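No experiment lies behind these values; they were computed from the predicted model shown. Chain letters run A, B, ... following the sequence lines, proteins first, then strands; residues in each count from 1.
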Amino acid sequence: MKIEKPQSWPQTVEEATAIQEELRGQVIVKDDLPQVRYVAGVDAGYQEQEQQTQAAVVVLSFPDLQLCDQAIARCPTQFPYIPGFLSFREVPAVLEALEQLTILPDLLLCDGQGLAHPRRFGIACHLGVLTNLPAIGVAKSRFIGTHEVLPPERGSWQPLLDQGETVGAVLRSRSHVNPLYISIGHRISLPTALDYVLRCTPQYRLPETTRMSDRLASS
DNA sequence: GCGACAG
DNA sequence: ATCTTGTCGC
């Protein structure tokens, strides 16, 4: 797919913050997606003591979740890991990988938060806005926000609150297993996002998209 | 000032 | 994220 990549990437937290505050205004928080036929999973891994970032993207058919396309890209890691700025180290490589895709995905499942971010602009929002694709943030652990106790059954969920605002949801994707932290990335509502995440998670704790891109990224 | 802190 | 084997529990 064709992507309009930024001309340059920030070198400081101040520059990165400015970019987040500028782009967050472009996030669409309501459903604005086509019929979903292909779902993509994106993830990144690191090699050579984090000097190299390798991104992987897989495209699965939906709802049957069969692998249809995949791509890998590697580039020098160009931003340190600082909570709140994860996207600046992963997005450059992920965009390179997405460009190689033959199949245009209808929805992106990202490893990390979307709106559940201090400035409401986690990696799922960042990727969604830069690609203009509907995107969901699927994180394995909490970053910000609080929530009520969650029933142990698959499918149960609770809103994730931060400063009186619903920034996402905590979702039990498998009974009696640690929940997932779901938030809006771009062009999708929270209820719809929860539905897609569950439909992409037929067996394990993590969506098939995430499992497959994880495996590819760290190889 | 003291913790917390996506991947 | 990454370093890493066997082991505990549903």
What nucleic acid atoms does [X] come within less than 4.0 Å of, heavy atoms only: base, sugar-phosphate, or nothing?
X: F85(A); result: base
X: Q49(A); result: nothing
X: G137(A); result: nothing
X: G122(A); result: base

Determine if Y46(A) stacks with dA1(C); use a centre-to-centre distance below 5.5 Å and an interplanar angle below 30° as the criteria.
-> no

By centroid distance (under 5.5 Å) and plane angle (under 30°), are Y181(A) and dA6(B) in a stacked arrangement?
->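 Y181(A) ring does not meet the centre or angle cut-off for dA6(B); no stack.
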
Quickly work out the [X] [atom1] to [N] [atom2] distance and round it to whole Å.
X: I123(A); N: dG7(B); atom1: CD1; atom2: C1'; value: 8 Å
X: D43(A); N: dA1(C); atom1: CG; atom2: P; value: 7 Å
X: I136(A); N: dA6(B); atom1: CD1; atom2: C1'; value: 16 Å
X: Q203(A); N: dC10(C); atom1: CD; atom2: P; value: 20 Å
X: F143(A); N: dA4(B); atom1: CZ; atom2: P; value: 15 Å
X: Q20(A); N: dA6(B); atom1: CD; atom2: C1'; value: 12 Å
X: I144(A); N: dA6(B); atom1: CD1; atom2: C1'; value: 10 Å
X: Y81(A); N: dC5(B); atom1: OH; atom2: P; value: 10 Å

If we only count heavy atoms from C-beta on, is the [X] to [Y] side-chain gap below 4.5 Å?
X: R120(A); Y: V167(A); value: yes
X: E208(A); Y: C200(A); value: no
X: T192(A); Y: S189(A); value: yes

Considering heavy-atom distances to DNA chain C, does H176(A) or D214(A) have its closest nucleotide positioned more toward the 5' end?
->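 Nearest nucleotide further toward 5': that of D214(A).
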
At less than 4.0 Å, is any side-chain N or O atom of [X] found next to OP1 or OP2 of [N]? Yes or no.
X: R142(A); N: dA6(B); answer: no
X: K140(A); N: dG7(B); answer: yes
X: S218(A); N: dA1(C); answer: no

Verify whether one side chain among Y46(A) and E90(A) offers a donor that lies under 3.5 Å from an acceptor in the other.
->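 Yes, E90(A) and Y46(A) have a side-chain donor paired with an acceptor closer than 3.5 Å.
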
Between the side chains of R24(A) and Q26(A), does any donor sit under 3.5 Å from an acceptor?
-> no

Can R74(A) and Q52(A) be said to form a side-chain hydrogen bond (donor to acceptor under 3.5 Å, both in side chains), step by step?
-> CA-CA 7 Å; R74(A) 183 181 291 220; Q52(A) 290 285 310; 4.7 Å; no

Starting at the 5' end of DNA chain C, what dot-bracket string do you get if Watson-Crick and G-U pairs under 3.5 Å are bracketed, crossing pairs use [ ], other-strand pairs use | and unpaired bases use dots?
-> ..........

Of L133(A), N132(A), D32(A), I136(A), the residue whose pairing with H186(A) passes side-chain contact (heavy atoms from CB on, under 4.5 Å) | N132(A)

Kindly say whether A73(A) contributes a backbone atom to a donor-acceptor pair with the side chain of Q54(A) at under 3.5 angstrom?
-> no

